[in-house]
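A quick write-up on the structure given underneath.
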Amino acid sequence: MLMGGDFFAADVISVARSLIGATLLVDGVGGEIVETEAYDRDDPASHSFPGPTPRNAAMFGPPGHAYVYRSYGIHWCLNFVCGPQGRGAAVLVRALRPSHGLASMGERRGLEEERLLCAGPGRLAQALGVSLTHNGMRLDAAPFALHPASGGVDIVEGPRIGITKAAERPWRFGLAGSRHLSRPFPKPGRLSARCDRPSR
DNA sequence: GGTATGATTGACT
DNA sequence: GTCAATCATACCA
């Protein structure tokens with residue numbers, strides 16, 4: 001079973017949650033998604049916030065397609081377009097547990113350590129060979145393959161990483177206890193002991 | 001035209 | 001912990 005437009009037409013937050021545990025392959029290379037972030041319209045941190053532009057055009061296209069952008073002039077980042085067409089919402093895929101094509105990933109990354117192959121959006125895109133050529137491609141056809149999680153998964157959430165605007169929104173989701181996350185999640189339950197100092 | 005910024009990473013003190 | 005790489009985009013003149 002492949003995940004396509006119907007799945008991605010839902011609210012971006014619930015899609016970002018539901019993607020945890022799913023398997024993502026690009027040309028047969030990839031693994032289990034363990035970390036995602038949601039970006040919505042009316043979200044100052046989102047590329048779609050200023051409205052449609054040539055770069056973010058894919059975000060305003062049909063759901064279930066890829067949105068790929070260059071980050072810091074160096075890396076590629078892979079997103080899944082969500083919500084009704086024209087919404088301008090997408091899920092950033094931030095980390096995988098590598099399971100398919102380890103050799104290809106290691107070669108592309110110039111690395112042997114499995115834990116660091118896909119632990120971060122830039123690393124993940126490099127390991128899977130994702131670049132601008134994938135921008136706008138549908139996710140339910142080659143080279144993409146996306147399979148839903150087989151069983152129940154334990155999901156944690158927290159603030160998104162690397163943003164300065166709307167940083168308080170808890171729109172980052174992860175597989176609890178995974179060692180393949182880009183960064184650990186803040187510990188839940190206890191209020192920050194250091195709220196007197198602005199973290200950024 | 002110029003200049004500042006960033007959904008990151010890796011190297012270095 | 002700090003910082004450079006590197007470029008599309010946004011904003012200002």
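Residue numbering restarts at 1 for every chain, and letters A, B, ... go by the order of the sequence lines. Below, all heavy atoms of this structure are taken into account, side chains as well, without hydrogens, waters or symmetry copies.
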Legend entry - Side-chain (A/His180) to main-chain (A/Arg115) donor-acceptor, under 3.5 angstrom: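 Not a single qualifying donor-acceptor pair exists.
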[N] [atom2] sits how many Å from [X] [atom1], rounded?
X	N	atom1	atom2	value
A/Phe173	B/dA7	CZ	P	18 Å
A/Arg115	B/dG10	CZ	P	12 Å
A/Leu78	B/dA7	CG	P	16 Å
A/Gln126	C/dT6	CD	P	14 Å

Inset, instruction - Kindly say whether, by distance alone, the side chain of A/Tyr69 makes a donor-acceptor pair under 3.5 Å with the base of B/dA7? - result: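 Answer yes: a donor N or O sits under 3.5 Å from an acceptor.
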Inset, instruction - Report which part of the nucleic acid A/Ser182 touches: base, sugar-phosphate, or nothing (heavy-atom distance under 4.0 Å, all strands). - result: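 Since no nucleic acid heavy atom lies under 4.0 Å of A/Ser182, the category is nothing.
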Inset, instruction - Report which part of the nucleic acid A/Arg55 touches: base, sugar-phosphate, or nothing (heavy-atom distance under 4.0 Å, all strands). - result: sugar-phosphate
Legend entry - Centroid separation A/Phe80 to A/Phe8 less than 6.0 Å: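 Close enough - the centres of the two rings lie under 6.0 Å apart.
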Legend entry - DNA chain B base-pair string [pairs: Watson-Crick or G-U under 3.5 Å; |: paired with another strand]: ||||||.|||||.
Legend entry - Under 4.0 angstrom between A/His47 side-chain N/O and B/dA7 OP1 or OP2: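 Checking B/dA7 against A/His47, a side-chain N or O does come within under 4.0 Å of OP1 or OP2.
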Inset, instruction - Determine whether more than 12 heavy atoms belonging to other residues, nucleotides or ligands lie under 6.0 Å from atom CZ of A/Arg183. - result: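 No - once you tally the heavy atoms of other residues, nucleotides and ligands closer than 6.0 Å, there are 12 at most.
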Legend entry - More than 12 heavy atoms of other groups within 6.0 Å of A/Gln85 CD: yes
Inset, instruction - Please assess A/Tyr69 against A/His47 for the test ring pair (Phe, Tyr, Trp, His ring centres under 6.0 Å), listing each intermediate value before the final yes or no. - result: CA-CA 10 Å; A/Tyr69 69 92; A/His47 288 175; 4.4 Å; yes
Legend entry - Residue A/Arg109, side-chain atoms from C-beta onward, closest of B/dG10, B/dT9, B/dA7: B/dG10
Legend entry - Side-chain ion pair, A/Lys165 and A/Asp43, N-O less than 4.0 Å: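 A/Asp43 and A/Lys165: not salt-bridged.
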